[in-house]
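Here the structure comes first, spelled out in structure tokens, and everything after it is commentary.
We use all heavy atoms of the structure for the numbers below, so side chains are in, but hydrogens, waters and symmetry mates are not.
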Amino acid sequence: MIRPMKSVFLLILLALCATLLPGCHRTPDEAQVRDAMASMAHAVEAGSAGDASTPLSDDFDGNAGELDRRALANMIRLTTLHDEHIGVTMGPIAIERRGERIVASFTVTLTRGGTLPDQLGVYRVESAWRKDGRRWLCYTASWKQSI
């Protein structure tokens, strides 16, 4: 009689482990950075300044002082206020691990808009990311228009 109880207990334990194991899966760091970049691109297209600046660190430095976190958010707000839309198309992302940091290089194409016509086009971007607690934040980026 004890034997069937052990079998039932073992089955319950195995079922519990099978349901809990997927929750233990940790997303690789590189995938977290790619996800953060994709969410930022979608936020820019949606005109959501707050969401677009979420993956940026408080001390974010864009193009050696050209653009900080607040200036980026304000640019998106300005575009939204003028009822304009910026399209963001990202090219393939190359990820390189550098110690505790990650460097992501890619091209991005910015389309449409009206306020910033000379700033639209194709850019080559290099961004650097560091882990802050459980999430990755971009702390610096540099870009150069390529077309």
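Not counting sequence neighbours, Arg135 has no partner by the salt bridge (Lys or Arg N to Asp or Glu O under 4.0 Å) test. With sequence neighbours left out, the salt bridge (Lys or Arg N to Asp or Glu O under 4.0 Å) criterion links Glu126 to no other residue. The side chain to side chain contact (heavy atoms under 4.5 Å, CB included) check on Thr109 picks up Thr89, Thr111, Val122, with sequence neighbours excluded. Partners of Ser53 according to the side chain to side chain donor-acceptor pair (under 3.5 Å) rule, which considers only residues two or more places apart in sequence or in another chain, do not exist here. Contacts of Asp29 classified as side chain to side chain donor-acceptor pair (under 3.5 Å), with partners at least two apart in sequence or in another chain: Arg26, Arg97, Lys131, Trp136. For the side chain to side chain donor-acceptor pair (under 3.5 Å) test, residues two or more places apart in sequence or in another chain that qualify with Glu96 are Arg98. Residues satisfying the side chain to side chain contact (heavy atoms under 4.5 Å, CB included) test with Ile93, not counting sequence neighbours, are Arg34, Met37, Met90, Ile95, Ala104, Phe106. The side chain to side chain contact (heavy atoms under 4.5 Å, CB included) search around Ser57 returns Asp59, Phe60, Arg130, Leu137, Tyr139, not counting sequence neighbours.
Listed here is the closest heavy atom pair of Pro55 and Met40: CG-CB, 4.0 Å. Residues Ala41 and Val88 come closest through the heavy atom pair CB-CG1, 3.7 Å. In terms of heavy atoms, Gly121 sits closest to Gln145 at CA-NE2, 3.9 Å. The two residues Ala52 and Val44 make their nearest non-hydrogen contact at CB-CG2, 3.9 Å.
Note on residues 64-80: pairs passing salt bridge (Lys or Arg N to Asp or Glu O under 4.0 Å), not counting sequence neighbours, are Asp58-Arg69. Within the structure, every pair that satisfies the side chain to side chain donor-acceptor pair (under 3.5 Å) test and touches residues 37-51, not counting sequence neighbours, is listed here: Ser48-Asp51.
Here Leu67 contributes atom CG and Leu72 contributes atom CG; the two are 5.0 Å apart, rounded to the nearest 0.5 Å.
The backbone N or O of Asp61 lies less than 3.5 Å from a partner atom in the side chain of Thr140, making a donor-acceptor pair.
Val33 is not connected to Val103 by any chain of hydrophobic side-chain contacts under 4.5 Å among Ile, Leu, Val, Met, Phe, Trp and Tyr, and they are in different clusters.
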